[in-house]
Amino acid sequence: MARPIIHAYRAAEPGLCVNSYLVEGESGVVVVDTSLLVSDIEALRARLRALKKPLLAILVTHPHPDHFNGVAALVHDREVPVYAAASVGRVIEDIAGAKREQWTPTYGTEWPAETYYPNSLLADRAQVRFAELTFTVRELGPAESHADSYFLLSAGSHRPVAFTGDLAFHGTHPYTADGHTAAWLAALDILAGEFAGVGTLYPGHGDPGPPVFAEQRRYLLYYREVVRRLSGGGPGLSGAAKAELAAAMEAFLPGAPLAWMIGLGADAVAGELAAADAPAAAR
Ligand SMILES: [Zn+2]
């Protein structure tokens, strides 16, 4: 049996360098995550059309717009199942409107006019099959976002590979603004154990390769340590403290893209740490 071909489409930095993947099987294509901006989503659709095979399904790893924004354009009047872990689907329904309001002033018409919600919600470890392709979902709860998951792909006797969304960024600064870094670290511990038999990991940002969970863990631990020192136990960072945090993290990951995300998550993580460090009686 032929190994499925995995095509990546990567957006440029305005589109957060996000990866979407087209998994080409013998009878059709499964798309994993769908890009952020209209121009990238159009380019992703063109890649799909060029494969000249039917779209079998769309899988969404987690509820951030750079992963779900393109679903509506890809579905486009077709009956296509859009799969997500149940918690992922619920959070998309909760937050898509607020994200549109927050980011439309920045992105204008580059923000898609419509949101299409996952229509097939999956329980943890559920499997979906498309001929020789079997995807297994793992639902991990809050980590990088309010609800993270990954999809394991098995095809015949080939070593399984995994689409891990934003559970580990590879060589880019991560998004931390949902303020779940403690839960994210716990999820990374679980993942390190679960990925023993997995070949390639296909991340939401950065290059595919062997698992990079240890690198993500080191980044988060250092980020939390610097935020804790600069916030002095308070729920936010001053402008000067954010600049110092940015300098520290840029020295940690020299030349990495998405450096503006460092400051974006600072207050959320300071708030998370302040709440965790507060005496129980004061909560
Ligand atoms: Zn992302």
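Hydrogens, waters and symmetry mates play no part in the numbers below; they use all other heavy atoms, side chains included. Predicted, not measured: the structure shown is a model, and the values here were computed from it. Counting convention: from 1, in listed order, for ligands and their atoms alike.
Salt bridge Arg45/Glu42: present, at least one basic N to carboxylate O contact under 4.0 Å. A salt bridge links Asp207 to Arg10: one of the charged nitrogens lies within less than 4.0 Å of a carboxylate oxygen.
Atom NE2 is the N, O or S atom of His67 at the shortest distance from the Zn ion (ligand 1). For Asp66, the N/O/S atom at the shortest distance from the Zn ion (ligand 1) is named OD2.
Not a single donor-acceptor pair under 3.5 Å links the side chain of Asp148 to the backbone N or O of His62. A donor-acceptor contact shorter than 3.5 Å links the side chain of Asn119 to the backbone of Val82.
At least one N/O/S atom of Asp166, from backbone or side chain, sits under 2.8 Å from the Zn ion (ligand 1). Contact annotation: His205 places an N, O or S atom under 2.8 Å from the Zn ion (ligand 1).
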